[in-house]
Chemist: 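The following block contains the structure, expressed as C-alpha cells.
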Amino acid sequence: MRVFSGIQPTGAIHIGNYLGAIRQWIELQQNYECIFCIVDLHALTVPYDPQTLKDLILEKAIVYLAAGVDPEKSIIFIQSEVKEHTELTWLLNTVTPAGDLTRMTQYKEKSRKFKKNVNAGLLNYPILMAADILLYQTDIVPVGEDQKQHVELTRTIARKFNQRFGKTFKIPEAKLAKSGAKIMSLTDPTKKMSKTDVPENYIGLFDTPEQIKEKVMKAVTDTGKIIKYNPQKKPGISNLLTIYSLFSGRTIKELEKKFKGKGYSDFKK
Ligand code: AQP
C-alpha cells in the first residue's frame, strides 16, 4: 500500500500540521511505502515572496526530518521538481466540474481572507492536489480534517477519468488522525489553526518555549471556569485539552480529573 501526503511551504509550520498530518506519517512509514512532498506550487496561490519561499521550503524539509520522517524509508521531494504534477493537473482540469471547485470550503475561506488575490490557482488548487495523489497510484492520504473535502474531490475526479478512459487511477482514501485532525486557533477556537493567520493563533514548531508559554497564557477560553471537554459549548478549553492530551500522552478524561476544581489559569500554567 502506498501513502502520499504533503505540506505547503507557506508561513510557519504549526502544531496543527504536526498533530493532524506529520505524526500520522511517522507511524505509517513503518508499514507502508511513503511519499512526502513539499507542495511549493500550491503555496503560490496565496501572496508570497519568491526569496523567502526558498527558505521556507528548506525549513519544511528540516521539519520532516526532525519530526522523524526517515529518508531511508520514505521519499521526500519538492513538488515543482517533478513536472508531471503540473502536466497531469491540466489533464484532470478537463474532467473536473467547475461547480465542484467553487463549492470547496478552502476556496471560499481563502478568497475571503485574500480578497485582493482571488486567482484562478486558488480555485484550481484541489486539481493540483488530485494530480499529486493520483500520479503515484496512492492508496492512503493522511491529512487533517480541512483537506478531507479535497481528497473526496480527488476520488470523484479519478472515478470520472476512469469511467471515460478506462481504469487508470487507483481511488485513494483520506486518513484522519483519531484525535488532532482539527486543531483550532488559539485566538478564535471556532476556526482551525492556520499558517496564513496571525502568529498568536498558532503554536509554531520553531517557537521558543517562552513564546509558546505566552501564547498559551493568552489563548482564548470560554465562559465558566470548569476544565471540561465539550467542543460545542467550550471550544477554547476543549482545544487546549486536546493539545495537552496529544503531547503528554494522557487521556482527556485523566486531564479533566487532574484539573477538577481548578480554573483555566491553573490549567494553562
Ligand atoms: N489546524 C489543523 N489541525 C490539524 N491538521 C491541520 N492541517 C492544517 N491545519 C491543521 C493539516 O496539515 C497538513 C498540511 O497543511 P497544508 O500545508 O496543506 O495547509 P492547509 O491545510 O491549507 O492548512 P495550514 O497549514 O494551516 O495553512 P493555511 O494557512 O493555508 O490554512 C494537511 O494535511 C492539513 O490538513
Side-chain angles (χ1 to χ4, degrees), residues 3-28 34-48 53 56-57 59-61 63-64 67 69 76 78-79 85 104-114 117 119 121-122 125-126 128-130 132-133 138 140-154 172-206 215 219 231 235 238-240 242-243 245-247:
V3 171
F4 179 96
S5 194
I7 290 186
Q8 299 182 68
T10 34
I13 197 155
H14 53 69
I15 56 167
N17 303 130
Y18 176 71
L19 297 172
I22 302 175
R23 233 161 87 132
Q24 297 202 76
W25 301 0
I26 312 304
E27 274 176 40
L28 289 167
C34 292
I35 305 174
F36 301 124
C37 188
I38 297 169
V39 290
D40 56 341
L41 296 172
H42 277 102
L44 311 185
T45 56
V46 294
Y48 68 99
L53 190 66
L56 289 172
I57 291 173
E59 192 188 272
K60 299 302 166 288
V63 169
Y64 285 14
V69 176
I76 301 175
I78 301 171
Q79 183 187 36
H85 286 251
M104 292 291 115
T105 308
Q106 180 177 284
Y107 170 70
K108 289 191 209 154
E109 281 175 1
K110 291 252 165 91
S111 39
R112 263 198 302 268
K113 204 162 173 180
F114 302 103
N117 189 19
N119 59 80
L122 200 57
Y125 178 112
L128 178 58
M129 180 163 159
D132 297 339
I133 297 167
T138 303
I140 303 167
V141 189
V143 282
E145 204 175 292
D146 64 319
Q147 292 298 334
K148 197 175 153 210
Q149 197 182 32
H150 289 164
V151 181
E152 286 301 324
L153 182 60
T154 300
E173 264 182 49
K175 187 179 179 303
L176 267 59
K178 278 198 199 79
S179 173
K182 191 172 186 185
I183 299 295
M184 309 308 277
S185 158
L186 297 181
T187 50
D188 178 356
T190 60
K191 286 204 224 140
K192 80 166 195 102
M193 187 175 279
S194 171
K195 300 192 208 90
T196 50
D197 224 325
V198 290
E200 294 74 32
N201 108 88
Y202 62 77
I203 297 178
L205 295 190
F206 288 101
K215 287 182 185 181
S238 301
N239 189 39
L240 294 179
T242 303
I243 294 170
S245 159
L246 289 169
F247 280 112

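When a ligand or atom number is given, it counts from 1 through the structure's own listing order. All values below come from the heavy atoms of this structure, side chains included, with hydrogens, waters and symmetry mates left out.
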Chemist: Pairing donors with acceptors under 3.5 angstrom, does anything connect the side chains of Y64 and E59?
Modeler: no
Chemist: Of all heavy-atom pairs between T10 and K195, which one has the smallest distance, and what is that distance?
Modeler: O-CD, 2.6 Å
Chemist: Are the side chains of P9 and L53 in touch, meaning some heavy atoms are under 4.5 Å apart?
Modeler: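 Yes, close enough: below the 4.5 Å cut-off.
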Chemist: Considering all heavy atoms of both residues, which atom of A177 and which atom of G20 are nearest to each other, and what is their separation?
Modeler: CB-O, 4.3 Å
Chemist: Around atom NZ of K175, are there more than 12 heavy atoms from other residues, nucleotides or ligands closer than 6.0 Å?
Modeler: yes
Chemist: Looking at every non-hydrogen atom in both residues, tell me the closest pair between V46 and K110 and how far apart they are.
Modeler: CG1-CD, 3.8 Å
Chemist: Can you name the residues that come within less than 4.0 Å of ligand 1, going by heavy atoms only?
Modeler: G6, I7, Q8, H14, G16, N17, G20, A21, Q106, K110, Y125, V143, G144, D146, Q147, G180, A181, K182, I183, K192, M193, S194, K195, T196
